[in-house]
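Accompanying notes for the structure given below.
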Amino acid sequence: MPLLADVAVPVPLSQAFTYEVPAALASEVRPGARVLCEFHRRKLLGVVLAVSERSAAIDPSKIKPLAALVDARPALPAELLSFLQELAAYYFAPIGEVLRLALPAIEREQVRALKAQGELGGVLDLGRAKQVGGRKVAYATATDAVEEPGTLRGQAAAVLALLRANGEQPVARLEERYGNARSALKKLAERGLVALEEREPPRDPFFRLPEERDVPPELNPAQAEAAARIDAAIAALSAPGKAAPPAPGEAEAPGAAPREARPAGPSAFLLFGVTGSGKTEVYLRAIKSCLDRGRGALVMVPEIALTPQLVARFRARFGDELAVLHSALSDADRHAMWASLHGGKVRVAIGARSALFAPVPDLGLILVDEEHDGSFKQEEGVRYHARDMALLRAHRAGAVCVLGSATPSIESVALVRRGKLAELRLPERAHREASLPEVTLVDLRRFGAGPSGDPLISLPLHRALERTLAAKEQAILFLNRRGFAPSVVCGSCGNLTTCSACSVALTYHRGRRRDARPLAPGGAPAPGPAAPPDERPQGGLLRCHYCDYAGPLPERCASCGSRTLLLEGLGTERLEATIAASFPEARVARLDRDVAGKDRSQAILARMREGKIDILVGTQMVTKGHDLPNVTLVGVVNADAALGLPDFRAAERGFQLLVQVAGRAGRRDRPGRVLIQTRNPEHPAIAFAAAHNVPGFLEREIRDREEVGYPPATRLALIRIDAVDEGVGRGAAAKLAAHARTCPDGLARRVEVLGPSAAPIARLRGRYRFRVLLRARERGPLRGTLAALTGLMRDGIDRNARVIIDVDPVAML
Ligand code: ADP
Ligand code: ZN
Ligand code: ZN
């Protein structure tokens with residue numbers, strides 16, 4: 001019988017393909033190894049899933065031999081390989097695309113180079129990455145100049161829009177996307193719209209400064225209890241013979257109960273600790289327990305760029321033997337990190353969502369910090385949830401999993417109630433003098449504008465800011481909208497300016513241009529009214545927050561031709577300008593996606609920590625777990641903004657945001673104050689947040705979800721359909737919905753089919769969007785229905801419609 005290999009190749013098909021293993025490679029081709037194989041006359045890089053001697057299920061003459069073995073030591077360790085297969089099955093995702101998530105980009109690049117060399121045979125060792133150094137890279141940035149409307153076309157317009165939307169880009173990256181990027185950039189540079197610059201790529205910002213080793217503090221009783229229980233769990237799982245990974249296909253849903261072979265104690269935990277309660281110290285002890293037993297640890301955080309402080313604490317405790325996986329890494333550096341984990345040289349990895357796939361050696365612990373955070377869900381390509389999958393990977397690897405949060409997700413709380421997670425509580429702030437801040441609700445229906453004239457800076461907020469400045473303390477103002485004005489409306493006919501490709505309003509961004517206002521520390525504040533500038537603006541851009549569009553403000557209303565266009569609403573840019581004008585003596589800065597390119601966010605947070613900023617204005621980015629000792633005032637400018645979205649998680653998300661941002665105040669000896677401005681003070685998310693009553697909110701929200709039949713009471717899968725042509729999309733959606741209703745689980749009503757319907761954002765990037773929502777009490781019937789639909793998707797749906805299965809969806813818009 002021939003020796004056959006099942007190989008996954010990077011194509012959007014869910015099955016693996018069979019190849020014959022040539023005799024010369026028989027002893028070396030193992031699961032997890034990468035191979036070159038011919039696929040429809042192209043040579044592709046694949047990953048071996050399994051090897052066995054058997055008779056082929058298909059015509060043996062159709063089976064091709066493997067072209068070459070790429071690495072002698074499997075690129076994907078057995079534990080990771082079987083986890084990835086399970087993940088692919090859970091999400092109905094093509095196995096080839098899932099495997100790509102786990103291989104660093106440079107590996108794929110090298111194979112491209114190999115293929116260029118033509119025929120290959122034998123074993124190629126790609127284990128060694130070539131080092132790059134002293135090499136200069138060309139970067140392009142959009143300037144503040146604005147073109148004449150309608151003078152740019154084709155790739156020049158597209159490149160400019162991309163630069164405006166995403167900030168500076170390496171020229172090489174633009175060339176990957178646009179064939180004529182070079183000539184487009186030349187044209188744009190000649191007109192002063194784009195600036196080009198050559199310089200060395202940045203070195204790793206997380207390791208720029210040396211970090212002194214710290215002395216571990218004595219744990220308080222709650223921390224000690226949590227650390228001891230995690231340690232006991234790691235000890236139990238690390239006992240000899242306990243950590244054998246199960247075979248693929250064996251594991252259950254995330255959070256599944258441990259199997260018989262496991263020790264009786266819990267191995268997955270929810271660390272529920274109020275903001276500032278010292279969760280990080282518990283993480284550090286857990287990692288030490290794990291390292292002391294010779295096993296590796298993986299730490300996942302929502303946004304690695306915002307967590308330099310956390311990385312610094314890890315380095316202070318464990319030194320620089322740490323793989324920090326972040327998006328600013330060059331491909332070569334990323335590969336070096338990957339290789340040092342893979343080779344067992346480094347045993348601790350820290351990173352955002354994608355760190356889930358780090359090849360940590362002998363994985364003994366996975367920590368998920370701020371587990372409630374929405375960024376753990378990937379919203380394109382393979383739509384996995386890194387928190388759910390962390391539980392699955394840990395379970396399969398015989399590792400302990402700890403989910404930490406001050407505002408646990410409803411899903412995790414439900415797992416605690418079902419006995420699948422053990423809860424560890426840290427009920428108090430770690431610093432002896434620190435207490436939770438006093439929260440005041442400011443009812444915007446009763447309080448008008450303060451001296452600034454802007455109704456969203458009420459008199460109580462204005463006074464509180466004055467007091468904070470007088471006491472030489474710091475304030476954070478949180479506003480959920482970036483840009484200057486969230487909408488541009490015609491003063492004559494009321495027409496709202498919307499994106500031509502998406503059914504959403506365009507946001508006006510004023511851009512880098514600042515009012516020239518002298519910053520004279522200690523100098524006399526310039527008096528005078530600080531009228532919010534809403535006369536017709538000069539310069540600036542309209543941007544779509546959903547696609548790459550950016551363009552000049554039109555001269556006239558598109559509907560009636562009037563020249564009066566009004567900027568309505570308040571975004572962070574305008575808030576920053578208004579605050580700066582109202583408090584001329586204060587140093588005001590802003591933190592949002594528009595200013596946070598590269599490591600700018602780290603620089604802003606560092607200035608905040610050093611006391612060089614008095615008032616920090618920003619979006620969600622200011623709510624993430626920063627520990628800023630001198631912040632005593634937090635203002636939530638408009639708490640209602642997040643609560644009205646058509647999404648069953650809107651209340652949960654709004655609540656988490658409020659508690660998290662409030663948690664930035666009063667973390668040391670000085671008491672903190674929080675002002676929440678709202679027109680809706682009775683809303684449970686606001687009322688419970690104001691009372692610091694997290695368990696109360698969770699209790700009520702779980703009950704509400706049960707009543708309306710949403711997760712965690714039920715399970716959901718969202719079928720997302722989109723097409724350039726509205727009719728094509730609608731037709732495909734109708735066909736899928738009908739098919740779901742008539743498959744066995746649909747007919748038996750074990751699965752409820754909601755829709756087809758238009759998505760809340762009905763059009764995005766020029767495509768019309770539809771959806772069919774599947775809902776079930778049990779996972780089995782839901783999977784049965786999805787399996788039935790994948791059959792239809794393969795050959796029964798108009799090719800011009802794109803259909804995506806989103807299991808356990810998070811974004812409902
Ligand atoms: P969390 O992650 O729960 O928000 P942190 O881990 O950032 O909280 O801890 C808040 C502050 O308390 C930090 O400054 C930390 O150094 C300090 N801290 C944590 N544990 C202790 C302890 N046992 N003794 C003294 N200080 C502590
Ligand atoms: Zn008009
Ligand atoms: Zn758009």
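A quick note: this is a predicted structure, and the numbers were derived from the prediction, not measured. In each ligand, atom 1 is the first atom listed, and ligand 1 is the first ligand listed.
- A donor-acceptor pair is defined here as one N or O able to donate and one able to accept, closer than 3.5 Å; no such pair exists between the side chain of Ser405 and the backbone of Glu371.
- Under a 4.0 Å N-O distance rule, the pair Asp722/Arg763 does not qualify as a salt bridge.
- With respect to the salt-bridge test (charged N to carboxylate O, under 4.0 angstrom), the residues Arg765 and Glu380 do not qualify.
- Checked by distance only, ligand 1 and Thr275 stay at 3.5 Å or farther apart across all their nitrogen or oxygen atoms.
- For the residue pair Gln656 and Thr407, no side-chain donor N or O sits within less than 3.5 Å of a side-chain acceptor on the partner.
- Set against the non-hydrogen atoms of Glu218, the atoms of ligand 1 under 4.0 Å away are 22 (C), 23 (N), 24 (N).
- In this structure a side-chain-to-backbone donor-acceptor pair under 3.5 Å is present from Ser375 to Pro302.
- At least one heavy atom of Arg313 sits under 4.0 Å from some atom of ligand 1.
- In summary, the atoms of ligand 1 found under 4.0 Å from a heavy atom of Ser277, numbered by their order in the structure, are 1 (P), 3 (O), 8 (O).
- Checking side-chain atoms of Gln223 against main-chain N and O of Asn220 turns up a donor-acceptor pair under 3.5 Å.
- Considering only non-hydrogen atoms, atom 20 (N) of ligand 1 lies nearest to Gln223 out of Glu370, Arg664, Gln660, Gln223.
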*side chain to side chain donor-acceptor pair (under 3.5 Å) between Arg429 and Thr275, worked out*: CA-CA 7 Å; Arg429 285 199 159 177; Thr275 52; 3.0 Å; yes

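- With respect to the salt-bridge test (charged N to carboxylate O, under 4.0 angstrom), the residues Glu555 and Arg563 qualify.
- Within the protein, the number of N/O/S atoms found under 2.8 Å from the Zn ion (ligand 2) is 4.
- Near Ala430, the atoms of ligand 1 lying under 4.0 angstrom from a non-hydrogen atom of the residue are 12 (O), 18 (N), 19 (C), 20 (N), 21 (C), 27 (C).
- Side-chain atoms of Arg769 come within 3.5 Å of backbone N or O of Ile761 as a donor-acceptor pair.
- Protein nitrogen, oxygen and sulfur atoms, that is N, O or S, within less than 2.8 Å of the Zn ion (ligand 3) amount to 4.
- The closest side-chain heavy-atom distance from Cys401 to Phe269 is not below 4.5 Å.
- When the options Leu424, Leu415, Leu403 are evaluated for a side-chain contact (heavy atoms from CB on, under 4.5 Å) with Leu270, the one that passes is Leu403.
- Nearest heavy atom pair, residue Met300 against residue Arg353, reads SD-O, 4.0 Å.
- Between Gly276 and ligand 1 there is a heavy-atom distance shorter than 4.0 Å.
- Distances below 4.0 Å separate heavy atoms of Gly278 from the following atoms of ligand 1: 1 (P), 3 (O), 5 (P), 6 (O), 8 (O), 9 (O), 19 (C).
- Ion pairing between a basic and an acidic side chain is recognised when a charged N comes within 4.0 Å of a carboxylate O; Glu281 and Lys279 show no such pairing.
- Those atoms of ligand 1 with a heavy atom of Leu219 less than 4.0 angstrom away are 23 (N).
- Between Tyr508 and Phe484, the angle of the ring planes goes over 60°, which puts this pair in the perpendicular group of the 30/60° scheme.
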